[in-house]
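Remember, it's 1-based here, ligands and their atoms both numbered in the order they're listed.
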Amino acid sequence: MRPLPVAVLASGGGTNLQALLDHERDGPSYRVTLVLSDREGAGALDRASAAGRSGQVVPFKGRATDDVEAEMLAALESAGVEAVFLAGFLRLIPAGVVARFRRRILNIHPALLPAFGGKGMYGHHVHEAVVAAGVKVTGATVHYVDEAYDTGTIVAQWPVPVRTGDTPDTVAARVLRVEHVLYPAVAEHLALHWCRDESPPPFRPAGECFHTVSTGPHDLETSLSEAFPEA
Ligand code: GRF
């Protein structure tokens, strides 16, 4: 079966892009054929070229949304992509791009949406808010992208404990390890069905795929029993 050609959109360092690229070897249901960034010099573009994939910059700053939208659509069409994965892309996706790829455009968010999401809730801001709120559980969410920030239908979530003494940095690192497992697993699941023009059934995370990141259910239970000793 031919792997589904996909684009990854990234503004930053691109560790999730890397996880998606690395996973292609194990589950060949998709292939990243284009990496698109809004920023010259984004680390994600270096990862694309190291992997021999095309990279392209579509600047957003100071431009009319219609122009950005047209340029994005042209780039995605000419690369022949059939799905789009956002991986740390900090711009709102123009409505015409959402419409063209509806239910074929995903994002990963480093918290359990709908908590700690929305405009301005990205990167470190998310983990700072999580620690400030004193919540005991955070996590990663993969969701479809719609016309607003972080409001699309949720596809998959995985919880991550927040421990006493955690800082935004320690939480961010723990969540990021889960993102690198969750995103490729969800991408593979959906792409397998999209390849066959099927509507994907719900994603069911195989617990064992999280064994390599020590933040799975067992760890969560330990953390919850520490948080609520009387329970
Ligand atoms: C990740 O935490 C992701 O959830 C969020 O942006 C961050 C991107 O990190 N959307 P990286 O560039 O993939 O390392």
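Distances between N or O atoms of I108 and those of ligand 1 include at least one value under 3.5 Å.
Nearest protein heavy-atom contact of atom 4 (O) of ligand 1 is E179 OE1, 2.6 Å. Protein heavy atom in closest approach to atom 13 (O) of ligand 1: N16 N, 2.8 Å. Among protein heavy atoms, atom 8 (C) of ligand 1 sits closest to G88 CA, 3.6 Å.
S11 is listed as a side-chain neighbour of F89, based on a closest heavy-atom distance under 4.5 Å. Put simply, the side chain of P201 reaches to within 4.5 Å of the side chain of H189, judged on heavy atoms.
When atom types are taken as modelled, the side chain of Y149 and the backbone of M121 share no donor-acceptor pair closer than 3.5 angstrom. At least one donor-acceptor pair under 3.5 Å links the side chain of H109 to the backbone N or O of F116. Judged by distance alone, the side chain of E24 and the main-chain N or O of V32 form a donor-acceptor pair under 3.5 Å. Listed for the R39 side chain is no donor-acceptor partner under 3.5 Å among the backbone atoms of S37.
The closest approach between any non-hydrogen atom of G14 and ligand 1 is below 4.0 Å.
When the heavy atoms of V175, T15, L182, L20 are ranked by distance to atom 14 (O) of ligand 1, first place goes to T15.
Near G13, meaning under 4.0 Å from any of its heavy atoms, are these atoms of ligand 1: 12 (O).
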